[in-house]
Number of protein chains: 2
Amino acid sequence: MLNGRSTVNPELAARVHAAVRELGYRPNGVARNLRRRQTTLWAVLISDVGNPFFTSLVRGVEDGGRQFGYSVVLCNTDENRAREAEYIAVALADNMAGVIISPADDNTDISALVAAGTAVVTIDRELAETEVDAVMVDNEKGAEMATGHLLESGYRRIACITGPRRMSTAMQRLRGYQRALRSAGLPQDRALIRHADFREEGGYSAMASLLDEGVEIDAIFAANNLMTVGAVECLTERGVPIPDRVGVIGFDDIPWARLFRPGLSTVRQPTYELGRAAAQLLADRIDNPARPTARLVLQTELHPRESSRTRTS
Amino acid sequence: MLNGRSTVNPELAARVHAAVRELGYRPNGVARNLRRRQTTLWAVLISDVGNPFFTSLVRGVEDGGRQFGYSVVLCNTDENRAREAEYIAVALADNMAGVIISPADDNTDISALVAAGTAVVTIDRELAETEVDAVMVDNEKGAEMATGHLLESGYRRIACITGPRRMSTAMQRLRGYQRALRSAGLPQDRALIRHADFREEGGYSAMASLLDEGVEIDAIFAANNLMTVGAVECLTERGVPIPDRVGVIGFDDIPWARLFRPGLSTVRQPTYELGRAAAQLLADRIDNPARPTARLVLQTELHPRESSRTRTS
DNA sequence: CTGAAAGCGCTAACAT
DNA sequence: ATGTTAGCGCTTTCAG
C-alpha cells in the first residue's frame with residue numbers, strides 16, 4: 001500500500017498513514033537497495049575538492065543528482081591511481097548506481113565498472129581506451145584562445161606550463177598553444193614548454209626553472225588554475241613585474257581573481273555546468289543503459305584582465 | 001572462510017582464493033550492510049562546498065573517514081532547513097553510520113538521528129538544544145583578536161558585519177568584537193553592527209548600507225570569509241581606499257589571500273584540522289556510543305596583512 | 001485486484 | 001572447530 005499500488009479504502013489509507021507517522025516508521029533504504037539490486041548513490045572521483053575547479057564541478061553534480069534522487073559520495077583521489085582503484089572497488093562493493101570520474105590517468109582502468117554494468121561518465125578528462133559517456137571542455141580551442149590573446153597583446157616569447165603527459169587535458173591544451181603559435185608563424189621552441197603536475201608547487205617550480213635557465217620569455221600560458229597561481233607567486237617573489245616584464249594567462253578561473261593585483265587573465269571553464277551535464281548524462285545512462293555513448297564538449301570563455309595587458313614596448 | 005575465521009587446509013584456502021580472483025567475486029556491501037544493520041557511510045551536511053572554508057573541512061573529514069574505512073556522502077544544505085531535514089531523512093533511511101553537520105540553525109532538529117542511535121558530531125556551529133559531540137574554534141577569542149588588532153593599528157570606529165542571529169558562530173564572533181571594544185574603553189554603538197547572511201552579497205550590502213547611511217567608520221571586521229570579500233568589493237567599487245580610509249580584517253582565511261591587493265588580513269581557522277577532529281570523534285562515537293559527549297575547541301591564528309596596516313593619521 | 005510468500009547476499013547465531 | 005540455517009526489511013512475483 002505504501003508504494004501506492006493497491007486501491008484501498010481511503011479511510012483505511014488515512015489510518016495507515018497516521019500510524020506511519022505515529023510510530024515514526026522509516027523505510028529501510030538498505031533493504032530496498034538489496035532487493036532492487038541498485039542504490040541511489042553516485043561516486044564522484046576527483047583529484048581534490050580543495051581545488052575550486054573540482055569544487056564547482058562537484059556542486060553541479062550534486063545539484064543535478066538531487067533532482068533525480070541520487071546522493072553523491074565524494075572521493076578524493078589525489079591524482080593517485082591506487083587510491084582511485086580503491087574507490088572504484090568501494091563503488092562496486094556498495095553497488096553504487098553510477099560513477100562520475102575525472103581520471104587520474106588516461107589509462108585508468110574502469111573495466112571492472114563496465115563489466116559490472118555500472119554507469120560511468122568521465123568528466124573534465126577523457127579515457128584513452130574505454131568508451132564511456134564524457135563531458136569536457138574544448139581544451140585545444142581554449143588554449144589556442146589564451147595563447148592567441150597573448151599574441152594579439154604583443155607577446156612573442158610565450159612559454160607554456162602544462163600538465164603531465166599522461167593526461168588528456170594537458171596534451172590538448174599544449175596542442176592548442178602550439179597551434180596558436182603556428183598560426184602566427186612563430187617558431188616552436190621546445191625550451192618554452194614545461195610539463196608540471198597541475199599543482200601550485202608545480203607551477204612555481206616550472207616558472208622558477210624557466211627563469212633560472214635564462215630562457216628568454218615575455219609571457220606565460222599556464223594550463224590550469226593552481227599552476228597559474230604558483231607561477232604568479234614565483235614571479236612576484238622574484239620581483240618580475242606582471243605584465244610589464246612577463247604577461248600571464250591561466251586556464252580555468254580562480255574565485256575572486258578580480259581581487260588579485262594584477263587581475264589574472266583566464267580562460268573560464270563552465271565548471272558548474274560540466275557537473276550538471278555529467279549528472280544528466282549519468283542519470284540518463286542509468287535509465288537507458290543501451291544508448292550509444294555521448295561525448296559532450298562545452299566551450300570556454302576568454303577573460304582578459306590586467307595580467308596580459310597589451311604590450312607597449 | 002573469507003572472513004578469516006576457520007583454520008583451513010592452506011592448500012584449499014589457496015584454491016578458494018584463486019577461484020575468488022578467477023570468477024571476479026566481489027562481496028556485496030549492501031547485503032552486508034543490511035545484515036549488520038550498519039553501513040560504512042557518513043553524511044556530511046554543510047551549507048556549501050563552494051565555500052573554501054567548508055571545502056577544507058570536508059577534505060579533513062574525508063581523509064579522516066578513509067582511515068577508519070568510511071566513505072563520505074556530501075550534502076549541501078544551502079543554509080536551508082528544509083533541505084537539511086531532507087538530507088537527515090536520507091541519512092536515516094540509508095542507515096548511515098554517522099552524520100557530521102554544520103547546522104543551518106542553532107535549533108536544527110536532529111532528534112530523529114539521536115532517536116535512531118545514529119552518531120552525530122556538529123562541526124563549526126553548535127546546537128542549542130541537543131547535546132552531541134562538537135568541534136569548533138574559539139570564535140569569541142578569534143573575533144576579539146581581530147578587533148583588538150584593528151584597535152592596536154589605530155582604528156577607532158570599527159564596524160562589525162556578522163552573520164544571522166540564529167547561528168552560534170555569528171553571535172560568538174559578535175561578542176568577541178564587543179568584548180574587544182569594551183576592553184579598550186570604547187562605546188558600543190549599535191549603528192556599527194550589521195547582521196548579514198554569511199554570503200558575499202550579504203557582505204556587500206551590509207558594507208553598502210554602512211556607507212550609504214553615512215555611519216562614521218574607519219574599519220570593518222567581517223565575521224566570515226565570503227562577507228569579507230563582499231565588503232572589499234563594495235569598498236573597491238566605490239573607490240574607498242583600503243586600508244587608508246577603511247581598514248579591513250576578516251574571519252577565516254581565503255585561499256591565495258596573499259595574492260590580493262591589498263593583502264587581506266584574516267583570522268585563520270584550522271579548517272582541515274576541524275574536519276579531521278570531527279572524523280576522529282565520529283569514528284570513536286560509533287565504536288563507543290555510551291561515552292560522554294565531547295566538545296573540542298581549536299584556536300585561531302591572526303594573520304595581519306596590508307588591509308589593516310597601522311594608521312598613521 | 002489483493003494478499004502471501006519467496007528471496008536479494010550476506011553474517012551471526014546455532015547446531016553439530 | 002566447522003558446517004548449517006535463519007533472517008536483516010524490503011520488493012516482486014505468483015497464487016488466490
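Throughout, protein chains are lettered first and strands after them, A, B, ... in sequence-line order, and every chain is numbered starting at 1.
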**Q** Between the two ends of the helix from C/dC1-D/dG16 to C/dT16-D/dA1, what is the bend in degrees, rounded to 10 degrees, where each end axis spans five pairs?
**A** 60°
**Q** What is the separation between atom CG on B/L34 and atom C1' on C/dA12, rounded to the nearest whole Å?
**A** 13 Å
**Q** Taking the side chain of B/R36 as heavy atoms from C-beta outward, which of D/dT11, C/dC10, C/dT11 is closest to it?
**A** C/dT11
**Q** Would B/V135 and B/Q280 count as a side chain to side chain contact (heavy atoms under 4.5 Å, CB included) here? Give the steps.
**A** CA-CA 10 Å; B/V135 183; B/Q280 195 90 36; over 6 Å; no
**Q** Among B/T118, B/I110, B/D109, which one satisfies side chain to side chain contact (heavy atoms under 4.5 Å, CB included) with B/I88?
**A** B/I110
**Q** Looking at C/dG9, I'd like to know if its phosphate oxygens (OP1 or OP2) sit under 4.0 Å from a side-chain N or O belonging to A/R37.
**A** yes
**Q** Any idea which of D/dT11, C/dA12, D/dC10 is nearest the A/N28 side chain?
**A** D/dC10
**Q** Are side-chain N/O atoms of B/R83 and B/Y87 paired as donor and acceptor at under 3.5 Å?
**A** no
**Q** Expressed as a whole number of angstroms, how long is the span from A/N95:CG to D/dT11:P?
**A** 16 Å
**Q** Given atom CZ of A/R35 and atom C1' of C/dA6, what is their separation to the nearest angstrom?
**A** 8 Å
**Q** Distance check needed: D/dC10 P versus A/N33 CG, whole Å only.
**A** 11 Å
**Q** Is any NZ, NE, NH1 or NH2 atom of the basic residue among A/E86 and B/R66 found under 4.0 Å from an Asp or Glu carboxylate oxygen of the other?
**A**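 Answer for the salt bridge query: yes.
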**Q** Scan for salt bridge (charged side-chain N to carboxylate O under 4.0 Å, His left out) pairs involving residues 44-55 of chain B, sequence neighbours excluded, and state none if there are none.
**A** A/R59-B/D48
**Q** Which pairs with one or both residues in residues 33-74 of chain B pass ring-ring contact (aromatic ring centres under 6.0 Å, His included), sequence neighbours excluded?
**A**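 Only B/W42-B/Y70 qualify under ring-ring contact (aromatic ring centres under 6.0 Å, His included).
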**Q** Side chain of A/Y25 only, please: which of C/dT11, C/dC8, D/dC10 is the nearest?
**A**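 That would be D/dC10.
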**Q** Given atom CZ of A/R32 and atom C1' of D/dT12, what is their separation to the nearest angstrom?
**A**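 Those two atoms, CZ and C1', are 13 Å apart.
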